[in-house]
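Each remark here refers to the structure printed beneath this line.
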Amino acid sequence: QLLKVFVTRRIPQEGMRVLNQSGLCKVSLWDSDEPIPRTDLLQGVSGAHGILCLLSDRIDAEVINAAGPNLKVISTLSVGFDHLAVGEIKKRGVRVGYTPDVLTDATAELTVALLLATARRIPEGVEEVKNGGWSSWKPLWLCGYGLSGSTVGVIGLGRIGLAIARRLKPFGVKRLLYSGRTSKPQMGTSLDRLVSESDFVVVSCSLTPETQGLCDKALFSKMKKTAVFVNTSRGAVVNQEDLHEALSSGRIAAAGLDVTTPEPLPTDHPLLKLKNCVILPHIGSATYSTRGIMAELCANNLLAGLTGSAMPSELAL
Ligand code: GLV
Ligand code: GLV
């Protein structure tokens, strides 16, 4: 008897191959690059033993009920799991797989790229070249902030935060400050000190009730006027109205965001009108090889959940 697996989107073939070659399951796929409508999700998971989902799928009690009593495992193609109602999932005895580690390098790399792009005003410069704004080499034009000799503060010293810090160090960063749940006492610092002393403030924490809206007016008001703020974790860690106010009033210098609320951000959103705000469409882990490895890991987590064996990466609930 083949076990039913529901996959909520087209995923890299590395993942589909693992599922199809296992001989364990019958896969039904939402065969699209666009998000599955909620009603189709609720229908699709019906009777499923396993669900392979994305960070854009909200997996809550309603979905678990729609799946029914067969459900053994939910495997998400992400390291973040704020889209999963973990309390509810745990209560039902359903196991969860996720994809830490394999996307750490790609995400840290993108964070450094976004930080440099924001601080050195690269998108603005590209735009000026295209629109004829480049009239000559000008001593006072398009100046930004450099990493050399700077202080960088990383909020959330997890796997990715640490990888970001390691990559920034060789740029001549003078001081690295960390704060976070697990920060080692000898390196950790208070959030207040971190934001007030840092030239670059990088957010790399997970979204939890404690970090929701953490970066708000009060926090921005403690930053240097020249501070560059970067977030590659989850949009909801930031109060976007407060960020808009901080950027438009010159309270801080610039912001680079790979994550927003909502995603996608509406094209008429006020943040998109600001030259000192660089916004990317949540592409932290988006390298060909990383996405392939994530899909493979995600599929292997799912299979392990179906067979009741040890998962390569199981989320401790
Ligand atoms: C990306 O944001 C992820 O959680 O994998
Ligand atoms: C810049 O191009 C310089 O030569 O200083």
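Atoms within each ligand, like the ligands themselves, are counted from 1 in listed order.
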Practice task
Record the part of Leu103 in heavy-atom contact with ligand 1 below 4.0 Å; permitted values are side chain, backbone, both and neither.
Solution key: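 It is the side chain that gets close, since no backbone atom is under 4.0 Å.
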Exercise for the section: Please check if the side chain of Glu263 supplies one atom and the backbone of Thr260 the other of a donor-acceptor pair under 3.5 Å. Expected result: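 Present.
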Practice task
Give the numbers and elements of all ligand 1 atoms closer than 4.0 Å to a heavy atom of Leu55.
Solution key: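 Taking each heavy atom of Leu55 in turn, ligand 1 has 1 (C), 2 (O), 3 (C) under 4.0 Å.
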Handout entry: Contact atoms of ligand 1, heavy-atom distance to His282 under 4.0 Å
Key =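 Matching atoms, with element in brackets: 1 (C), 2 (O).
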Handout entry: Test of proximity, Arg234 against ligand 1: N or O pairs below 3.5 Å
Key =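 N/O-N/O distance under 3.5 Å: yes.
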Exercise for the section: Check the side chains of Glu34 and Ser32 for a donor-acceptor pair under 3.5 angstrom, ignoring hydrogens and angles. Expected result: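 The answer is no; no qualifying pair exists.
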Exercise for the section: Taking atom types as modelled, find out whether Arg291 and Ser285 have a side-chain donor-acceptor pair closer than 3.5 angstrom. Expected result: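 A donor-acceptor contact under 3.5 Å links the two side chains.
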Exercise for the section: Assess whether atom NZ of Lys138 is packed by more than 12 heavy atoms of other residues, nucleotides or ligands within 6.0 Å. Expected result: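 Result for NZ/Lys138: enclosed.
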Problem - Residue from Leu19, Asn301, Val5 passing side chain to side chain contact (heavy atoms under 4.5 Å, CB included) with Leu306 - result: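 Considering Leu19, Asn301, Val5, a side chain to side chain contact (heavy atoms under 4.5 Å, CB included) with Leu306 is found only for Val5.
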Exercise for the section: Can you figure out which of Thr99, Val79, Leu77 has its heavy atom closest to atom 5 (O) of ligand 1? Expected result: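 That would be Val79.
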